[in-house]
Amino acid sequence: MFSRVRDRNLLMFKKVLIFVFVLLCLAVAGIYVVTRPWFVAQAIKSAVNARVKDLQLRDLTFEKIGVNSNGLVTIKDVRFTLRLFPREDQQWEGHIPVVYLDNLRSFVRSKKIFVSVERADAAADAVRLKGVSSRMTLTFTGGKWHIAKGSVNGGSLSAGPITLSPLEAHFSGNENLLIADPWRARWADGNLSGRLTVVPEAYTMHADVAQVELSEVAPNMRGRMNGSVEMEIQRSDNALTALSGHFDAPQGAQIPAAFLQPILSYIPASAQRDILEDLIAAGMDVFFDHADVRLKSAQSDSLNLLVKMDSKKLNLDLTVTVDLNVEGGLKGLIERLPQFISG
């Protein structure tokens, strides 16, 4: 009888061992699956596409994921493809060498995640980001996300012939509003700074320009330029719908006389107009002791200019107001500027 009880206990012990072994195998398999890069990538892709309405992740892959004892997640070799709505035709592709996610152990209590992005590259059409690093604090409340604070630094932003490098910005926002204030960059041996606001319908930007070297903008110009500009851009088609600005060269500037051809017809018949016509015909440059340009547009197809220039050498003192109908809209005008400047 004792042997039968012992056998039953042994059998029960074996069943318990088998059950525990199966649970351990399932746990190991579960941990293996949920820590695989493909599983985490798909989970993040689904979460982002469900919660962020103006962005769609088309593809997302990781090379390696690691978690240390403090709960810091390291994701390496991230590659992605995404689209920003409403511009469904514009697709961004990018690569991030490493991403860090911190505070996951305290996420249930604090609802915060600290994200660090190192040396990211991304490109869409003629726009390219290169070597940009970012830090941000994401908070989640009631199914909504919010960037409490964020920063961008280093790297470069290129759009056509314009390259801003290095970049620096501090930003915050949510799915309906993103504000970068301030942002700073170097361009053409000068400094840019300002504020950028993004809402679902449009971008609005204010930029201050300080000591930009004109020869860096176009090799056939000389002098340094200061100024400020404000613009509004529709997100649906990147149309520039409002533009205003003020630029001056207080220490003088040298430009090809041909640059003044568009305003020549607005100058009354005079000795000054004759001088400019002769310089344009000869393909010569004009040196101004001081130049001041103000521009304003409340519509996408019109532009008002106030141009003030004086040159003691040529005995010129110009003040011209110009109202232009812009063929192709302000966006087309901006796109044609590099070709016009380069001649």
Side-chain angles (χ1 to χ4, degrees), residues 160-162 187-188 190 205-233 239-343:
I162 297 175
W187 175 57
M205 183 179 71
H206 172 87
D208 294 314
V209 181
Q211 291 295 295
V212 164
E213 174 54 56
L214 293 177
S215 63
E216 296 286 334
V217 179
N220 50 4
M221 296 194 296
R222 297 290 184 273
R224 287 193 175 267
M225 177 180 68
N226 300 323
S228 63
V229 63
E230 293 190 13
M231 63 180 67
E232 179 178 296
I233 302 172
L240 185 59
T241 55
L243 175 67
S244 63
H246 173 216
F247 302 97
D248 70 340
Q251 299 166 343
Q254 180 178 321
I255 64 172
F259 283 10
L260 301 176
Q261 180 72 58
I263 69 171
L264 196 62
S265 60
Y266 294 87
I267 302 175
S270 60
Q272 294 183 334
R273 177 168 174 169
D274 293 341
I275 292 173
L276 288 177
E277 288 178 338
D278 292 340
L279 292 173
I280 293 172
M284 297 180 67
D285 293 341
V286 180
F287 177 81
F288 291 99
D289 297 288
H290 180 261
D292 189 296
V293 178
R294 297 177 184 268
L295 53 91
K296 186 174 183 179
S297 174
Q299 301 178 13
S300 62
D301 59 355
S302 64
L303 186 65
N304 174 268
L305 292 174
L306 174 62
V307 181
K308 296 181 178 181
M309 298 178 173
D310 64 81
S311 172
K312 295 178 181 178
K313 181 178 180 180
L314 298 175
N315 194 28
L316 287 174
D317 188 0
L318 297 177
T319 300
V320 183
T321 300
V322 181
D323 290 306
L324 297 175
N325 290 319
V326 183
E327 184 178 353
L330 295 174
K331 177 185 176 183
L333 176 65
I334 298 298
E335 291 174 345
R336 292 192 298 270
L337 272 181
Q339 181 180 359
F340 174 75
I341 291 174
S342 62

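Just so you know, these numbers come straight off a predicted model, no measurement behind them. For this chain, numbers begin at 1 and follow the sequence in order.
- The shortest non-hydrogen separation linking Leu260 to Ile280 is C-CD1, 4.5 Å.
- Around the CG atom of Asp323, the shell of radius 6.0 Å holds more than 12 heavy atoms that belong to other residues, nucleotides or ligands.
- For Ile275 against Leu314, the heavy-atom pair with the smallest separation is CD1-O, 3.5 Å.
- Rounding to the nearest 0.5 angstrom, the gap separating the CD atom in Gln261 from the CD atom in Glu277 is 8.5 Å.
- Atom CG of residue Asp317 and atom NZ of residue Lys308 lie 10.0 Å apart, to the nearest 0.5 angstrom.
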side-chain contact (heavy atoms from CB on, under 4.5 Å) evaluation trace for Leu306 with Thr319: CA-CA 7 Å; Leu306 174 62; Thr319 300; 4.2 Å; yes
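- Taking every heavy atom of both residues into account, Lys312 and Asp289 meet most closely at N-OD2, 2.8 Å.
- Residues Tyr266 and Thr321 are not in side-chain contact: their nearest non-hydrogen atoms beyond the backbone lie 4.5 Å or more apart.
- What you find for Leu214 and Arg222 is that their closest heavy atoms are CD1-O, 3.5 Å.
- For the pair His246 and Asp292, the minimum side-chain heavy-atom distance is below 4.5 Å.
- Two residues are said to be in side-chain contact when any heavy atoms from C-beta on lie closer than 4.5 Å; Leu295 and Leu303 meet this criterion.
- Heavy-atom minimum distance, Met309 versus Ile255: CE-CD1, 4.5 Å.
- We find the CG-CG distance between Leu264 and Leu276 to be 6.5 Å, quoted to the nearest 0.5 Å.
- Interatomic distance, OG of Ser311 versus CD of Gln272, reported as 10.0 Å (0.5 Å rounding).
- The shortest side-chain heavy-atom distance between Ser244 and Arg294 does not fall under the 4.5 Å cut-off.
- In this structure, Gln211 and Asn226 have side chains that are in contact, with non-hydrogen atoms separated by less than 4.5 Å.
- Not a single donor-acceptor pair under 3.5 Å links the side chain of Ser215 to the backbone N or O of Glu213.
- Side-chain atoms of Ser297 come within 3.5 Å of backbone N or O of Ser302 as a donor-acceptor pair.
- Between Ser265 and Arg273, the closest heavy-atom pair is O-NH1, 4.1 Å.
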